[in-house]
Peer 1: 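This is the structure, below, for whatever I ask next.
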Amino acid sequence: MPPVTLGYNLVALSMTLLHHLPRRGCRALLAGLRMVMRLTLKFARKGNLETTDRVLLDGLPQDERTVLRQFDLDAVTTSFVCCPSCYALYPIRSCPSVCSSRPTPHGSTCGSALWHSQTINGKAYSYPQKTYLHQSMKHWMARFLSHPGIEPLVDSRKECAWMETPDVHADVWDAPVFHQFKGVSGEPFISGPEGEGRYLFSLSVDGFNPFQAKEAKQNVMVTGIYMVCLNLPMHLRYLPENTYLVGVIPGPGKPSLEQINHFLQPLVDELLDFWNCGVFFTHTASYPDGRRARCALVPLVCDLPGARQVAGHASHSAKQFCSFCKLTLEDMENIDPKTWVPRTARKHRDAAMKWKAANTPAERQRVFEETGVRWSDLLRLPYWDPIMFTVIDTMHNHYLGLLKTHCRDIWGMSIDVADGTTIEQVPPKPNDEEFTIALRLLRSGTDQSLELLDKNTLWHLC
């Protein structure tokens, strides 16, 4: 590659990858560079470009994506046409004109148009209504294991000192379920044979507004699917460069209930390859002659609605509201754990298979109301336990849930109120009759009735 072309490509790479210049801006920058180079060559040749000059200028990429492909820096993805109604996926090279997906074997077909046409300069072009890009896990793992220093870190988890202090959990890796997790042959999964990599991943699915929090676009939602290699130490585990972005489900809405399975299917297909026979990489950073890697998905880490949807559990407001036991909504106030009938992975799979085999939506709804279970494509993984492996992430459960509710709603804390109260600042106490009424509301009233009390009365109640 000529030095001029190399420098041109490096500018495109640095502006795209390091400075995050948008695609349109990068194309404008490259067009400006080509113009400067053309004028410079014309000035040097006194107005007449030579054949080699024209070949050089014509060979310069006009799009940063071309540069990324030349340097093999772009992610390897598979394009699917996504139905705008039911979110069914179709290979882009063999996609029909309308969606033929059925929610149940005897259900009606979707029939939504998958393509739309646009006329440019008198010529009609067809474009998918929506597209979904799935990043290959095999290619991502190949890049991941090619980073110098990564393999010693992720392989060192085999020598974890968990057994020395089984009651101390300083990291998710210290959880007993990881060390009791069995491989295909019944051996501890993380203690694989010498030279074979054994890696455990977590899966997260969460929606977000791509336009941030602009009020005019609050209804826009896209959904990201992420995986994280738990073998990495905590200070490296969640860095963007170490996070496997499976794909981003297109908006402006989001798939409902079982429609998420369309997007889990390509991922599960690859996870089955990593589980059954492993994937052999011909070259890694620490093994120039290649090595085999086996991967498994263990925890599903989402907020409550996302975890219930992906795992196939009923929502927290359904009759079968709990994903760990069979307590019903009518018995929610039963706080005796000895009376809770626990769910099991085997019975969950049986109920999910029964739901999947139902021929009509009404039959599926009946099964769902009886069991609180729907089919999830993650159940195709023979080792995946929908009861033990479904967790609620700390951010949503504690920081944005329990802790925020206690601080703001129960304790009434506010950043607008100054801290500290001296004896001189004690507010006047209400009379005996008013205080008696306030005490009665505190013991047997509602939250709404307490909120109607004035600040002075609430201060003395506290």
Peer 1: Quick one: list whatever passes ring pair (Phe, Tyr, Trp, His ring centres under 6.0 Å) with Phe368, sequence neighbours left out.
Peer 2: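 Testing Phe368 for ring pair (Phe, Tyr, Trp, His ring centres under 6.0 Å), a comparison that skips the adjacent residues, returns none.
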Peer 1: Looking at Arg23 and Glu64, does any basic side-chain N land under 4.0 Å from a carboxylate oxygen?
Peer 2: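 A salt bridge is present here (some side-chain N lies under 4.0 Å from a carboxylate O).
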Peer 1: Are Asp155 and Arg291 within salt-bridge range, i.e. N to O under 4.0 Å?
Peer 2: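 Looking at Arg291 together with Asp155, the answer is yes, because their closest N to O distance falls below 4.0 Å.
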Peer 1: Sequence neighbours left out, what passes salt bridge (charged side-chain N to carboxylate O under 4.0 Å, His left out) with Arg294? Give chain and number order.
Peer 2: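 Partners of Arg294 under the salt bridge (charged side-chain N to carboxylate O under 4.0 Å, His left out) test: Glu196.
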Peer 1: Indicate yes or no: at least one non-hydrogen side-chain atom of Thr390 is less than 4.5 angstrom from one of Arg308.
Peer 2: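 No. Closest side-chain heavy atoms not under 4.5 Å.
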Peer 1: Would you say that Thr131 contacts Ser79 through its side chain, given a criterion of any heavy-atom pair below 4.5 Å between the two side chains?
Peer 2: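 Answer no - side chains too far apart.
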Peer 1: Out of curiosity, Ser126 OG to Gln118 CD, how far, rounded to the nearest 0.5 Å?
Peer 2: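 Spacing of OG (Ser126) from CD (Gln118) equals 10.5 Å.
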Peer 1: Distance check, rounded to the nearest 0.5 Å: Tyr238 atom OH versus Leu232 atom CG?
Peer 2: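 Going from OH on Tyr238 over to CG on Leu232, the span is 10.0 Å.
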Peer 1: When you measure from the side chain of Thr16 to the backbone of Leu13, do you find a donor-acceptor pair of N or O atoms at a distance under 3.5 Å?
Peer 2: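 No: the side chain of Thr16 does not pair with the backbone of Leu13.
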Peer 1: Checking side-chain contact (heavy atoms from CB on, under 4.5 Å) for the pair Tyr226/Phe201: CA distance, chi angles, key distance, verdict?
Peer 2: CA-CA 10 Å; Tyr226 318 85; Phe201 282 80; over 6 Å; no
Peer 1: Can you name the salt bridge (charged side-chain N to carboxylate O under 4.0 Å, His left out) partners of Glu369, sequence neighbours left out?
Peer 2: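 Result, salt bridge (charged side-chain N to carboxylate O under 4.0 Å, His left out) vs Glu369: none returned.
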Peer 1: Shortest non-hydrogen contact from Ser202 to Leu297?
Peer 2: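 Reported closest heavy-atom pair: C-CD1, 3.8 Å.
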Peer 1: Is the shortest side-chain heavy-atom distance between Tyr244 and Val228 below 4.5 Å?
Peer 2: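 Tyr244 does not reach Val228 side chain to side chain.
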Peer 1: How would you list, by chain and number, every residue that makes a side chain to side chain contact (heavy atoms under 4.5 Å, CB included) with Phe321, sequence neighbours excluded?
Peer 2: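 For Phe321, the residues satisfying side chain to side chain contact (heavy atoms under 4.5 Å, CB included) (neighbours in sequence not counted) are Leu327, Leu329, Met332.
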Peer 1: Decide side-chain contact (heavy atoms from CB on, under 4.5 Å) for Asn359 and Thr104; before the verdict, give the C-alpha distance in whole Å, the side-chain angles of both, and the deciding distance to 0.1 Å.
Peer 2: CA-CA 6 Å; Asn359 291 321; Thr104 58; 5.9 Å; no
Peer 1: Check whether more than 12 heavy atoms from other residues, nucleotides or ligands sit under 6.0 Å from atom CG of Leu239, and answer yes or no.
Peer 2: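 Count over threshold, so yes.
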Peer 1: Does the separation of the ring centres of Tyr383 and Phe181 fall below 6.0 angstrom?
Peer 2: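 Between Tyr383 and Phe181, the centre distance is under 6.0 Å.
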Peer 1: I'd like to know if the side chain of Ser204 reaches the main chain of Val301, judged simply by a donor and an acceptor atom lying under 3.5 Å from each other, with no hydrogens or angles considered.
Peer 2: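 Here the side-chain-to-backbone pair exists.
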Peer 1: Where the side chain of Thr457 meets the backbone of Leu453, is there a donor-acceptor pair that is under 3.5 Å apart?
Peer 2: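 No.
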Peer 1: Who pairs with Phe178 by ring pair (Phe, Tyr, Trp, His ring centres under 6.0 Å), at least two apart in sequence or on another chain?
Peer 2: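 Result, ring pair (Phe, Tyr, Trp, His ring centres under 6.0 Å) vs Phe178: Trp173.
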Peer 1: Mind checking side chain to side chain contact (heavy atoms under 4.5 Å, CB included) for Leu18 and listing every partner two or more places apart, or none if nothing turns up?
Peer 2: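 Checked Leu18 against side chain to side chain contact (heavy atoms under 4.5 Å, CB included); matches are Ser14.
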Peer 1: Identify all side-chain donor-acceptor contacts of residues 277-287 below 3.5 Å with residues at least two apart in sequence or on another chain.
Peer 2:
unit_1 : atom_1 : unit_2 : atom_2 : d
His283 : ND1    : Pro288 : O      : 3.1
Thr284 : OG1    : Glu151 : OE1    : 3.1
Thr284 : OG1    : Glu151 : OE2    : 3.1
Thr284 : OG1    : Tyr287 : N      : 3.0
Ser286 : OG     : Glu151 : OE1    : 3.3

Peer 1: Could you grab the distance from atom OG of Ser101 to atom NE2 of His262, nearest 0.5 Å is fine?
Peer 2: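 One gets 4.5 Å once the value is rounded to the nearest 0.5 Å.
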Peer 1: Using atom types as modelled and distance alone, determine if a side-chain donor or acceptor of Ser444 lies under 3.5 Å from a backbone N or O of Arg440.
Peer 2: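 A pair under 3.5 Å: yes.
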Peer 1: Measure the CG-CZ distance between Asp206 and Phe208 for me, rounded to the nearest 0.5 Å.
Peer 2: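 So the gap between those two atoms works out to 9.0 Å.
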Peer 1: Could you report the tightest heavy-atom contact between Val248 and Tyr132, atom names first, then the distance?
Peer 2: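 The answer is O-CD1, 3.4 Å.
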Peer 1: What pairs meet the salt bridge (Lys or Arg N to Asp or Glu O under 4.0 Å) rule with one or both residues in residues 344-355, with sequence neighbours excluded?
Peer 2: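 Output for this query lists Arg346-Asp350.
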Peer 1: Is the side chain of Arg27 donor-acceptor paired with the backbone N or O of Asp63 at a distance under 3.5 Å, no angle test?
Peer 2: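 The answer is no, because no donor-acceptor pair under 3.5 Å joins these two groups.
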Peer 1: Could you go step by step and tell me if Asn334 and Thr339 meet the side-chain hydrogen bond (donor to acceptor under 3.5 Å, both in side chains) rule?
Peer 2: CA-CA 8 Å; Asn334 178 4; Thr339 63; 2.7 Å; yes
Peer 1: What's the separation between atom OG in Ser376 and atom CG in Leu381, rounded to the nearest 0.5 Å?
Peer 2: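 The CG atom of Leu381 is 8.5 Å from OG of Ser376, to the nearest 0.5 Å.
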Peer 1: Is it the case that the side chain of Lys356 and the backbone of Arg374 share a donor-acceptor pair, with hydrogens and angles ignored and the cut-off at 3.5 Å?
Peer 2: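 No, because the side chain of Lys356 does not come within donor-acceptor range (under 3.5 Å) of the backbone of Arg374.
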Peer 1: Give a yes or no on whether the backbone of Ser256 and the side-chain of Gln259 come within a donor-acceptor separation of less than 3.5 Å.
Peer 2: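 Flag set: sc Gln259 to bb Ser256 pair under 3.5 Å.
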Peer 1: Starting from the C-alpha separation in whole Å, work towards a yes-or-no answer on side-chain contact (heavy atoms from CB on, under 4.5 Å) for Asn242 and Phe144.
Peer 2: CA-CA 7 Å; Asn242 295 329; Phe144 180 69; 4.1 Å; yes
Peer 1: Could you go through residues 107-115 and list every donor-acceptor pair under 3.5 Å that involves a side-chain atom there, pairing it with any protein atom two or more places apart or in another chain?
Peer 2:
unit_1 : atom_1 : unit_2 : atom_2 : d
Ser112 : OG     : Ser85  : OG     : 2.6
Trp115 : NE1    : Pro96  : O      : 3.1

Peer 1: Has Asp385 got a side-chain atom pairing as donor or acceptor with Ala345's backbone, closer than 3.5 angstrom?
Peer 2: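 No: the side chain of Asp385 does not pair with the backbone of Ala345.
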Peer 1: Looking only at heavy atoms, which two atoms of Val373 and Trp355 are closest? And how far apart?
Peer 2: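 Distance-wise, the nearest heavy atoms are O-CD1, 3.8 Å.
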Peer 1: Tell me the closest heavy-atom pair linking Arg198 and Asn231, and the distance in Å.
Peer 2: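 Answer, listing the atom of Arg198 first, then Asn231: O-ND2, 3.0 Å.
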Peer 1: If you count heavy atoms of other groups shown closer than 6.0 angstrom to NZ of Lys123, is the number above 12?
Peer 2: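 Not more than 12 within 6.0 Å, no.
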Peer 1: For residues 250-270, pull every pair meeting salt bridge (Lys or Arg N to Asp or Glu O under 4.0 Å), keeping only residues two or more places apart or in separate chains.
Peer 2: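 Only Asp269-Arg380 qualify under salt bridge (Lys or Arg N to Asp or Glu O under 4.0 Å).
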Peer 1: Might you point out which heavy atoms bring Gln320 and Ala314 nearest each other, and give the distance in Å?
Peer 2: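 For Gln320 and Ala314, the tightest heavy-atom pair comes out as O-CB, 3.4 Å.
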Peer 1: Can you list every pair that meets salt bridge (Lys or Arg N to Asp or Glu O under 4.0 Å) and has a residue in residues 132-143, with sequence neighbours left out?
Peer 2: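 Output for this query lists Asp72-Arg143, Lys138-Asp273.
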Peer 1: Using a 3.5 Å distance criterion without hydrogens, assess whether the side chain of Ser449 forms a donor-acceptor pair with backbone atoms of Thr446.
Peer 2: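 Here the side-chain-to-backbone pair exists.
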Peer 1: Check the orientation of Tyr127 and Tyr125. Use parallel for under 30°, tilted for 30 to 60°, and perpendicular for over 60°.
Peer 2: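 Aromatic pair Tyr127/Tyr125 classed tilted.
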Peer 1: In terms of heavy-atom contacts, does CE of Met15 have more than 12 from other residues, nucleotides or ligands at under 6.0 Å?
Peer 2: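 It does: Met15 CE has more than 12 such atoms within range.
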Peer 1: With sequence neighbours excluded, give me every salt bridge (Lys or Arg N to Asp or Glu O under 4.0 Å) pair touching residues 318-342.
Peer 2: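 Every candidate salt bridge (Lys or Arg N to Asp or Glu O under 4.0 Å) pair involving residues 318-342 fails, so no pair, neighbours aside, qualifies.
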Peer 1: My understanding is that only one of Leu378, Val246, Leu271 makes a side-chain contact (heavy atoms from CB on, under 4.5 Å) with Leu264; could you say which?
Peer 2: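 Single side-chain contact (heavy atoms from CB on, under 4.5 Å) partner of Leu264 among Leu378, Val246, Leu271: Leu378.
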Peer 1: Can you name the nearest heavy-atom pair linking Cys99 to Tyr90, along with the distance?
Peer 2: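 It is SG-OH, 3.1 Å.
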Peer 1: State the CZ-CG distance between Phe189 and Leu200, to the nearest 0.5 angstrom.
Peer 2: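 These two atoms lie 5.5 Å from each other.
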Peer 1: Please determine whether side-chain contact (heavy atoms from CB on, under 4.5 Å) holds for the pair Val172 and Arg237, giving the CA-CA distance in whole Å, both sets of side-chain angles, and the decisive distance to 0.1 Å.
Peer 2: CA-CA 11 Å; Val172 65; Arg237 186 178 300 157; 3.3 Å; yes
